[in-house]
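Here's the structure, in structure tokens; my notes come after.
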Amino acid sequence: MGIPLIDLSGALQPGAPRSPAVMAVADQLRQACMGAGFFYVRDHGVPLDVIARQFELAQQFFDLPLASKEAISLHHSPAMRGYESLGGQTLDANARPDLKESFYCGLDYAAEHPYVQRGYHSYGSNQWPEGLPELATQSRTYIAAMRQLALRLMQLLALSLDLPEDYFDHTHQSPMLTLRLLRYPPHPESADALTFGAGEHTDWGAITLLAQDHHGGLEVKLPTGEWVAATPIEGALVVNLGDMIPRWTNGLYRSNPHRVRNVHSGGAPRHSIPFFYTPDYEAQVVPVPTCVHAGESPRFAPCTVGEHLQAMYRKTYGLGQTATSTTPASATVMA
Ligand SMILES: O=C(O)CCC(=O)C(=O)O
Ligand SMILES: [Fe+2]
């Protein structure tokens with residue numbers, strides 16, 4: 001079992017849900033989601049020049065002086081948007097802080113939006129760096145294109161579960177969408193076994209669409225326990241399932257652990273751009289009807305998206321509680 005490559009041409013248009021081309025893609029998705037929980041997509045409809053420009057601007061952003069980046073530190077932002085310096089996050093509580101710099105942005109939610117008023121984590125406005133005005137406009141274009149693809153992938157996922165195509169559409173009314181720019185310095189030669197660019201973790205939302213540069217370094221843990229490289233494929237995106245998907249599918253589809261070490265770049269930094277398609281903060285995540293059969297019970301405690309995400313942010317940023325003392329209620333697996 002590896003990480004399959006799925007060609008989306010012929011399956012991008014909604015409204016012809018049961019055509020043979022669409023159902024062939026839905027079948028491939030089902031196999032991938034029951035296995036690696038990761039797959040590549042190509043012919044995905046996101047213009048390649050939009051992706052290339054996002055990488056150029058990411059490089060320009062990280063090349064800014066540290067003081068310019070720190071001026072928009074995410075610690076200044078109630079919505080957790082902005083710059084995060086090296087070692088700012090510890091994705092694996094048993095490892096060292098991650099060797100990566102990052103920049104968070106997302107949808108602009110106005111101060112009057114009820115979720116901003118309620119102080120929900122990550123709802124609010126962006127912080128953009130001085131001197132790089134195109135980053136804001138380009139990131140909005142990128143988010144819009146990725147959002148459209150993610151919506152379509154969730155529709156195909158619904159079909160793969162024998163559900164109506166639009167089954168999950170309503171769960172993304174006011175989503176927690178996050179676009180993240182990442183730069184990993186070269187992995188130090190002296191690094192010990194507890195050093196990672198991104199420590200072992202699962203993603204937290206619905207699906208992640210990852211664009212990576214040509215260096216590689218992302219590794220995925222298969223259900224067998226074997227780690228495999230998610231080697232870059234030109235023009236393709238890596239898609240993986242976040243923690244909401246096993247909850248919706250009662251464990252049928254997997255949100256698999258993965259990690260990053262920038263060990264193949266010949267001493268160059270590695271850049272990647274994950275887009276986290278995370279549902280509405282208040283969406284209740286309970287198993288879909290086609291995944292709980294007579295006599296079976298739900299394997300996960302019901303949760304809202306916001307509860308789980310907030311607990312995971314707290315855990316990996318040491319906010320409020322220490323990493324080891326935080327066990328999100330939503331992580332509970334029922335017997
Ligand atoms: O940089 C990568 O390839 C993956 C990053 C990642 O897993 C994450 O940000 O959740
Ligand atoms: Fe991840």
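Owing to the predicted nature of the structure, the values given are computational and were not obtained by experimental measurement. Count residues from 1 along the sequence. In listed order, ligands and their atoms are each counted from 1.
- Atom CD of E56 has more than 12 heavy atoms from other residues, nucleotides or ligands within 6.0 Å.
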Pick out the protein N or O atoms lying less than 3.5 Å from any N or O of ligand 1, and list each pair with its distance.
{"residue": "ligand 1", "atom": "1 (O)", "partner": "Y184", "partner atom": "OH", "Å": "2.6"}
{"residue": "ligand 1", "atom": "1 (O)", "partner": "R270", "partner atom": "NH1", "Å": "2.9"}
{"residue": "ligand 1", "atom": "1 (O)", "partner": "S272", "partner atom": "OG", "Å": "2.6"}
{"residue": "ligand 1", "atom": "3 (O)", "partner": "R270", "partner atom": "NH1", "Å": "3.2"}
{"residue": "ligand 1", "atom": "3 (O)", "partner": "R270", "partner atom": "NH2", "Å": "2.8"}
{"residue": "ligand 1", "atom": "7 (O)", "partner": "H201", "partner atom": "NE2", "Å": "3.1"}
{"residue": "ligand 1", "atom": "7 (O)", "partner": "H258", "partner atom": "NE2", "Å": "3.1"}
{"residue": "ligand 1", "atom": "10 (O)", "partner": "H201", "partner atom": "NE2", "Å": "3.0"}
{"residue": "ligand 1", "atom": "10 (O)", "partner": "D203", "partner atom": "OD1", "Å": "3.1"}

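- Applying the side chain to side chain contact (heavy atoms under 4.5 Å, CB included) test between R183 and each of K100, E101, R270 identifies E101 as the sole match.
- The 12-atom threshold is not exceeded at NE2 of H75, counting heavy atoms of other residues, nucleotides or ligands nearer than 6.0 Å.
- The same ILVMFWY cluster, assembled from side-chain heavy atoms under 4.5 Å apart, contains both L12 and M154.
- An angle of 90° is found at the Fe ion (ligand 2) between H201 atom NE2 and D203 atom OD1, rounded to 10°.
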Could you go through the side chain to side chain contact (heavy atoms under 4.5 Å, CB included) check for L161 and R30 one step at a time?
-> CA-CA 8 Å; L161 293 164; R30 187 177 171 88; 4.2 Å; yes

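- Note on ring orientation: taking the six-membered ring where Trp is involved, the planes of Y109 and Y123 are tilted (angle from 30° to 60°).
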